[in-house]
*Asks:* 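First the structure, which I've put down as structure tokens, then a few questions once you've had a look.
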Amino acid sequence: MAHTICLIPGDGIGPEVTRAAQAVLEAAGVAIDWLTLPAGATAAEEYGDVLPAKTIEAIEHYRLALKGPVTTPVGKGFSSVNVQLRKRFALYAAVRPVRSMPGIKTRFENVEIVVIRENTEGLYSGIENEIVPGVVQSLKIATRPACERIARFAFKYARERERRKVTVFHKANIMKKSDGLFLECAQQAHAEMGQGITFQQLIIDNGCMQLVRDPTQFDVLLLENLYGDMISDLCAGLVGGLGVVPGANIGDDCAIFEAVHGSAPDIAGRGLANPLALIMSSVMMLNYIHELEAAERIKAAYNEILLEHNPENLTADIGGTGGTEDFVRAVIARL
Ligand code: NAI
């Protein structure tokens with residue numbers, strides 16, 4: 001039976017990389033009925049809404065989506081579609097595996113980190129106001145249920161995948177209440193379900209320094225929303241950039257898979273985007289829907305191409321001279 005999957009092409013490079021991922025999944029022989037749905041700045045132009053009702057209704061029904069990036073205006077305009085989707089469908093865990101990639105030379109080898117980011121609150125609650133002209137405030141929300149839920153998710157994830165260590169980055173020395181609660185819940189989850197797993201807590205400034213000095217000391221990273229957002233990109237930089245880091249937004253009965261990168265307006269529409277991050281996100285999605293064999297084949301295909309390192313098959317961000325379609329063609333040829 002075919003899987004029905006909602007597909008959100010999104011903005012900027014979104015349509016290019018989602019098209020690429022679709023082609024690869026099709027070539028791998030996975031039976032999928034795609035339901036293409038609008039969201040983002042392009043949806044606003046066409047439907048007068050960045051997140052049209054039909055998109056929400058479809059995800060509500062099918063509980064599974066593959067999503068391209070969407071543009072969010074800086075300092076003005078509509079609020080983030082990503083934040084809306086994550087809150088609306090209680091996709092409380094962003095999971096971003098960051099690994100050294102075959103054939104991609106970076107400063108470090110053997111990086112094997114999974115960033116687990118709380119996805120529904122913190123400063124991303126978007127509660128901001130101007131108290132008097134020239135004085136604004138932004139509230140950082142931390143609730144015990146959400147902090148407990150993500151901490152338990154991280155330890156469950158670590159346990160199921162036999163990971164050895166969970167590290168929490170925080171700033172509870174300054175934000176004693178909000179980050180203090182996040183840290184307390186992580187400690188509690190470790191006590192309850194972290195048998196055999198080392199627990200480490202670092203103040204985030206030190207954590208950043210340690211990450212860029214020796215990322216191999218880290219395994220699972222557990223972070224609140226804003227820190228998780230920033231650290232995901234930092235970690236991507238350790239292994240070859242945003243073109244090679246996938247992601248999933250996971251809730252109890254719904255999931256949206258998307259790369260860590262944004263809509264990359266600087267290269268959009270030119271066939272230059274690296275589709276690998278979204279292809280890797282699609283592999284995570286295939287594992288989620290138990291299409292394990294196809295997932296393994298796709299992974300083997302792109303790893304082979306990376307290892308071979310023929311510049312014509314690779315995009316510029318990972319040292320190639322090719323474009324999006326060259327990479328996709330090479331992956332499909334291996335399938
Ligand atoms: P970005 O991730 O779009 O781009 C940062 C840099 O990485 C750019 O130089 C870009 O060309 C490069 N890059 C990103 N993805 C790439 C890929 N697949 N292949 C090759 N190069 C790639 O971040 P930026 O510029 O800060 O944000 C642009 C827009 O994307 C903003 O409106 C932002 O709000 C949005 N955004 C959306 C996300 C999502 O929908 N999940 C996540 C992050 C940002």
Side-chain angles (χ1 to χ4, degrees), residues 7-21 24 37-45 50-51 55 59 65-89 91 94-96 98 101 104 115 117 119 123-124 126 225-226 228-250 255-282 284 302 306 313-328 331:
L7 181 86
I8 300 174
D11 303 320
I13 60 169
E16 297 163 66
V17 293
T18 48
R19 208 164 35 239
V24 168
L37 298 160
T42 35
E45 283 162 26
V50 287
L51 193 52
T55 302
I59 301 173
L66 181 66
K67 178 185 161 294
V70 293
T71 298
T72 310
V74 175
K76 59 180 168 43
F78 57 84
S79 62
S80 162
V81 168
N82 295 320
V83 173
Q84 290 184 53
L85 283 171
R86 291 164 191 168
K87 278 199 211 168
R88 170 97 197 196
F89 295 107
L91 305 172
V95 178
R96 281 116 178 236
V98 182
M101 304 295 289
I104 300 184
V115 174
R117 162 188 176 190
N119 233 359
L123 277 165
Y124 285 57
N225 209 340
L226 175 65
D229 192 1
M230 295 173 173
I231 294 293
S232 298
D233 276 41
L234 187 157
C235 286
L238 299 171
V239 296
L242 287 164
V244 300
V245 177
N249 301 293
I250 308 270
I256 298 182
F257 292 81
E258 64 178 337
V260 170
H261 65 71
S263 55
D266 52 340
I267 55 167
R270 295 159 56 197
L272 299 175
N274 188 347
L276 179 55
L278 195 68
I279 294 171
M280 292 169 78
S281 308
S282 310
M284 290 176 77
Y302 64 66
L306 293 178
N313 291 333
L314 305 175
T315 49
D317 59 309
I318 52 173
T321 54
T324 313
E325 288 184 1
D326 297 306
F327 184 79
V328 174
V331 173

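Whatever order the structure lists them in is the order used to number ligands and atoms, beginning at 1.
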*Asks:* Measure from the side-chain N and O atoms of Glu258 to the backbone N and O of Gly247, and report whether any donor-acceptor pair falls under 3.5 Å.
*Replies:*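 Side chain of Glu258 to backbone of Gly247: no pair is present.
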*Asks:* Which residue holds the protein heavy atom closest to atom 2 (O) of ligand 1, what is that atom called, and what is the gap in Å?
*Replies:*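 I find the closest protein heavy atom is Gly262 N, 2.7 Å.
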*Asks:* I'd like to know if the side chain of Asp11 reaches the main chain of Gly40, judged simply by a donor and an acceptor atom lying under 3.5 Å from each other, with no hydrogens or angles considered.
*Replies:*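 Such a contact is absent between Asp11 side chain and Gly40 backbone.
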*Asks:* Please check this pair: side chain of Asn119 against backbone of Leu91, looking for a donor-acceptor N/O pair closer than 3.5 Å.
*Replies:*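 Present.
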*Asks:* Any atom of ligand 1 sitting under 4.0 Å from a heavy atom of Pro265?
*Replies:*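 In this structure, Pro265 qualifies as a contact of ligand 1 - some heavy atom is under 4.0 Å.
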*Asks:* Just distances here: any N/O of Ile267 and N/O of ligand 1 closer than 3.5 Å?
*Replies:*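 For ligand 1, there is no N or O atom that lies under 3.5 Å from one belonging to Ile267.
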*Asks:* Is Val70 in polar range of ligand 1, meaning some N or O pair under 3.5 Å apart?
*Replies:*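 There is such a contact, yes.
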*Asks:* Give the contacting part of Thr72 toward ligand 1: side chain, backbone, both or neither, where contact means a heavy-atom distance below 4.0 Å.
*Replies:*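 Answer for Thr72: both.
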*Asks:* Between Thr324 and Arg19, does the side chain to side chain contact (heavy atoms under 4.5 Å, CB included) criterion hold? Intermediate values first, please.
*Replies:* CA-CA 10 Å; Thr324 313; Arg19 208 164 35 239; over 6 Å; no
*Asks:* For atom 5 (C) of ligand 1, what is the nearest protein heavy atom, given as residue, atom name and distance?
*Replies:*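 I find the closest protein heavy atom is Leu242 CD1, 3.8 Å.
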*Asks:* For atom 14 (C) of ligand 1, find the nearest protein heavy atom and state the residue, atom name and distance (0.1 Å precision).
*Replies:*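 That would be His261 CB, 3.7 Å.
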*Asks:* List the closest protein heavy-atom neighbour of atom 18 (N) of ligand 1: residue, atom name, distance to the nearest 0.1 Å.
*Replies:*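 For this ligand atom, the closest protein heavy atom is Asn274 O, 2.9 Å.
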*Asks:* List the atom of Val95, the atom of Met284, and the distance in Å for their closest heavy-atom pair.
*Replies:*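 Scanning both residues, the minimum pair turns out to be O-CE, 3.8 Å.
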*Asks:* Are the side chain of Asp233 and the backbone N or O of Met230 linked by a donor-acceptor pair below 3.5 Å?
*Replies:*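 Answer holds: no.
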*Asks:* Polar-atom distance check: Val260 versus ligand 1, any N or O pair below 3.5 Å?
*Replies:*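 No, since none of the N or O atoms of Val260 sits under 3.5 Å from an N or O of ligand 1.
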*Asks:* Nearest heavy atom to atom 29 (C) of ligand 1 wins, so pick from Ser263, Gly12, Ser232.
*Replies:*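 Of the listed residues, Ser263 has the closest heavy atom.
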*Asks:* Heavy atoms only: give me the nearest Ala39-Val70 pair and the separation to one decimal.
*Replies:*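 Closest approach of Ala39 to Val70: O-CG1, 3.7 Å.
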*Asks:* Check Leu276 against Gly243 and note the closest heavy-atom contact, atom names and distance.
*Replies:*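 Shortest heavy-atom contact: CB-O, 3.5 Å.
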*Asks:* Examine distances only and state if a side-chain atom of Thr55 and a backbone atom of Pro38 form a donor-acceptor pair shorter than 3.5 Å.
*Replies:*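 Checking the backbone N and O of Pro38 against the side chain of Thr55, a donor-acceptor pair under 3.5 Å is found.
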*Asks:* In the protein, which heavy atom is nearest to atom 8 (C) of ligand 1, and how far is it?
*Replies:*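 Nearest neighbour among protein heavy atoms for atom 8 (C) of ligand 1, to 0.1 Å: Asp266 OD2, 3.4 Å.
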*Asks:* Which heavy atom of Phe257 sits nearest a heavy atom of Ser281, and at what distance?
*Replies:*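 Closest pair (atom of Phe257, atom of Ser281, distance): CD2-O, 3.6 Å.
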*Asks:* Identify the closest protein heavy atom to atom 12 (C) of ligand 1: which residue and atom is it, and at what distance?
*Replies:*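 Its nearest protein heavy-atom neighbour is Ala264 CB, 4.5 Å.
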*Asks:* At a 4.0 Å cut-off, with the gap strictly under it, does some heavy atom of Asp317 reach an atom of ligand 1?
*Replies:*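 True for this residue.
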*Asks:* Considering only heavy atoms, does Asn82 approach ligand 1 within less than 4.0 Å through its side chain, its backbone, both, or neither?
*Replies:*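 Just the side chain.
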*Asks:* For ligand 1, is any non-hydrogen atom under 4.0 Å from Thr71's backbone (N, CA, C, O), its side chain (CB onward), both, or neither?
*Replies:*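 Within the 4.0 Å criterion, Thr71 contacts ligand 1 through backbone and side-chain atoms alike.
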